[in-house]
Protein chains: 2
Amino acid sequence: MRKDSTTAANGGATVHEVARIAGVSAATVSRFLNGTAKVSDEKRQAIESVIEKLNYRPNVLARNLKTGSSRTIGVLTQSLVSGYFADAMAGIDDVLQGTGYAPLIVSGHWHADEEAERIELLIARRVDGLVILSGKLKDAQILKLANRVPIVAFGRQLEGPQAYGFSLDNYWGACEAVEHLILQGHRQIAFITGPADHLDAQARLAGYRDTLAKHKIKESPQLVAPGDFSESGGLLALERLLESGKRFSAIFAANDLTAYGARLALYRRGIRVPEDISVIGFDDLHSSMYTTPPLTTVRQPLFEVGRCLGTAIVKMIAQEPLDLEVPQLSLVVRESVRRVA
Amino acid sequence: MRKDSTTAANGGATVHEVARIAGVSAATVSRFLNGTAKVSDEKRQAIESVIEKLNYRPNVLARNLKTGSSRTIGVLTQSLVSGYFADAMAGIDDVLQGTGYAPLIVSGHWHADEEAERIELLIARRVDGLVILSGKLKDAQILKLANRVPIVAFGRQLEGPQAYGFSLDNYWGACEAVEHLILQGHRQIAFITGPADHLDAQARLAGYRDTLAKHKIKESPQLVAPGDFSESGGLLALERLLESGKRFSAIFAANDLTAYGARLALYRRGIRVPEDISVIGFDDLHSSMYTTPPLTTVRQPLFEVGRCLGTAIVKMIAQEPLDLEVPQLSLVVRESVRRVA
DNA sequence: TTGAAAGCGATACCAC
DNA sequence: GTGGTATCGCTTTCAA
């Protein structure tokens, strides 16, 4: 079009126009904008006033092309509607605020192929870093991806030049939960598992087993029912438990959703919580404070985890040392567990 | 640097490199990539094989700059951790899949200033369209914004050259809820409101009032307690209701969260649901299916709403007619309402 | 159909 | 400190 024009195609002003009117060069305007180098007070004021008058806003797209970065952090979650992941995303969003980075959120829906595909999409959009929340990808795949973009992951241990991952101590958390039950006098403790291929679920099962063993309580296979981290899974599992005929006074659900389902199954049979049976969960979703009764559970500080992840990826991009303070699990005692004789 | 080079700074190939190796011009490669014009079979195959060999991926950043568009849809939500908004976002994400658009999600936290600021950020990032989920901005502000970018909004009626907004019929939904209660024999019906300045909350209150009037039931001011769409608000409101001494057999909560809080307050006092008091909510959050008892409520098809919004914004950007099919509210009868004599 | 070349708007290197 | 100028990698006239 017009080679000599200084007005952007979309009607907005450009660095050149600002420069021309302010009587300086585009380079100087750029320097002022980015604080890349000192600009004399005189010119600085001139530039400032022109920017003001023209209501100039730098074109991010042009900047992105030139710098090769989109000032965007890709976030791979597994579900957009899960309160669990939502908390973590909120934490990421929170720390990213004001850093100039914006999160680009995609969901892998717990499906390795979809995760890989979405990540490619993120990379194609030139994200500067990637945060991976859980998922089914193999560590090796992530490590390979990390050659192309810095990655921080949650729910897996990872260490590499451009990769870092941590999980919370789910084993410890499960031990705490079962210890609590035992301390309240429970001996027949049922467990509803999570998905067998889920690392956290495995750790929680191990914690359950080891804690029983530690207290010389014989584990009964009939007291371990498979669940899938969902309410319906919890409901079904509880029915199976009840039908087994094996008695139990407490249930440890592998996560809160499972506990909700179990609790409903109990309700349907007229079994009271905690008078007849105690229930303990894992996660501490927001709603767990308002279930009837409010759920005793192991709290995952997901918002803090999200903040931690966000901080980490920004540091990693800046090539700074991470030195993170990873938040810890904690037992939240509410009203779904009763002391028994 | 190297003027003659055809390799991108980041190591990836460029159109030029592909062009050179395939023995065609960059323009032709571009045409092939975008289907902008016919490319002879011969050249097409050459290009395809080179792309394959080089594993070439077009640089989105450069394309964005050139086309002036980021192939991104800004989504303004009010909360990243609300199941309510999450459903809508999932719906948007769902329809955007495969359109080439990616959602860029930001939260306004129910704060007009923050909303405006986040929207500016979105516009600065050159989003091609904007979806606004509820919020405190004035319609006029949105209409003005629509001069800069196409906007589709939920939770408000809007109509303009580059703006469209719809809400669901909250008034109707509230009427349905109260009708249901009355049909089950309830006459003393309490209502816990939402925020007074929230359009939907106002409509629900109006529906409550009008339906009582329609059935010649005198409204009692003591039976209307202010809430704020949160569990704690519901809990407090219920205590106030109870303390008023005025009797009631059913509660209509302005939303499900409020119902959860009210339900817990009832539980604390040993009042059974629905045997002693019936409860009905509004929204139908996922968890409402697993509360004890499962909650009777008015369902908002938020996922469908999200799909609708996503479809609308894409069409609006493409300058196509919208002709939307807006999903409707519906009553979901579960177990929290009892028939009384 | 195809290619050459001119930008999109900003950044950054290189001299001065 | 400051300005000229060459890119960043792609799309899109314009001519052929």
Contact list please: residues 42-54 of chain B against DNA chain C, heavy atoms, distance less than 4.0 Å, in numerical order. Lys43(B)

For a quick test of your reading: what N or O donor-acceptor pairs under 3.5 Å do the side chains of residues 131-146 of chain B make, sequence neighbours left out?
from      : atom 1 : to        : atom 2 : distance (Å)
Lys136(B) : NZ     : Asp197(B) : OD2    : 2.8
Asp139(B) : OD1    : Arg156(B) : NH1    : 2.8

Before you tell me yes or no, could you show the steps for Val149(B) and Asp128(B) under side chain to side chain contact (heavy atoms under 4.5 Å, CB included), namely the whole-Å CA-CA distance, both residues' side-chain angles and the distance that decides it to 0.1 Å? CA-CA 7 Å; Val149(B) 61; Asp128(B) 299 312; over 6 Å; no

Check the pair Arg125(A) / Glu120(A) against salt bridge (charged side-chain N to carboxylate O under 4.0 Å, His left out), numbers first and verdict last. CA-CA 9 Å; Arg125(A) 283 186 170 260; Glu120(A) 284 305 329; over 6 Å; no

Asn59(B), nearest nucleotide to its side chain (from dA4(C), dG9(D), dA10(C)): dG9(D)

dA10(C) C1' sits how many Å from Arg71(A) CZ, rounded? 15 Å

Length of the line joining Arg20(A):CZ and dA10(C):C1', which is rounded to integer Å: 17 Å

Below 4.5 Å, heavy atoms only, C-beta onward: do Tyr164(A) and Leu324(A) meet side chain to side chain? yes

For Ala26(B) and Ala62(B), find the nucleotide of DNA chain C closest to each by heavy atoms; which residue's nucleotide sits nearer the 5' end? Ala26(B)

Got more than 12 heavy atoms from elsewhere within 6.0 Å of CD, Glu320(A)? yes

Got Arg71(B) and Arg63(B) here, is their nearest side-chain heavy-atom distance under 4.5 Å? no

Taking the side chain of Tyr56(A) as heavy atoms from C-beta outward, which of dA10(C), dA4(C), dG3(D) is closest to it? dA10(C)

Hey, can you pull the residues of residues 28-40 of chain B with a non-hydrogen atom under 4.0 angstrom from DNA chain C? Thr28(B), Arg31(B), Lys38(B), Val39(B), Ser40(B)

Let me know, please, whether Leu65(B) or Ala27(B) comes out on the 5' side of the other along DNA chain D by nearest nucleotide. Leu65(B)

Hits for salt bridge (charged side-chain N to carboxylate O under 4.0 Å, His left out) against Glu117(A), two or more places apart or cross-chain, chain-then-number order -> none

Let me know the distance between CG of Leu61(A) and C1' of dT11(D), rounded to the nearest Å. 14 Å

I need the minimum non-hydrogen distance between Ala102(B) and Leu96(B), along with the two atoms involved. C-CD2, 4.5 Å

What is the nucleic acid contact for Val24(A), judged by heavy atoms within less than 4.0 Å: base, sugar-phosphate only, or nothing? sugar-phosphate

Tell me if the side-chain of Lys66(B) makes a donor-acceptor pair with the base of dG9(D), cut-off 3.5 Å, by modelled atom types. no

Within the 4.5 Å heavy-atom criterion, are Asn147(B) and Gln162(B) side-chain neighbours or not? no

Is there a side-chain contact between Ile73(A) and Leu104(A) in this structure, where contact means two heavy atoms from C-beta onward sitting under 4.5 Å apart? no

If we fit an axis to the first five pairs and another to the last five of the helix from dT1(C)-dA16(D) to dC16(C)-dG1(D), what angle do they make, to the nearest 10°? 30°

Taken to the nearest whole Å, NE2/His16(B) to P/dT2(C) is 17 Å

Nearest whole Å is fine: how far is dG9(D) P from Arg126(A) CZ? 8 Å

What donor-acceptor contacts under 3.5 angstrom involve side-chain atoms of residues 301-319 of chain B, with partners at least two apart or in another chain?
from      : atom 1 : to        : atom 2 : distance (Å)
Arg307(B) : NH1    : Asp94(B)  : OD2    : 2.4
Thr311(B) : OG1    : Arg307(B) : O      : 2.6
Lys315(B) : NZ     : Leu322(B) : O      : 3.4
Lys315(B) : NZ     : Asp323(B) : OD1    : 3.3

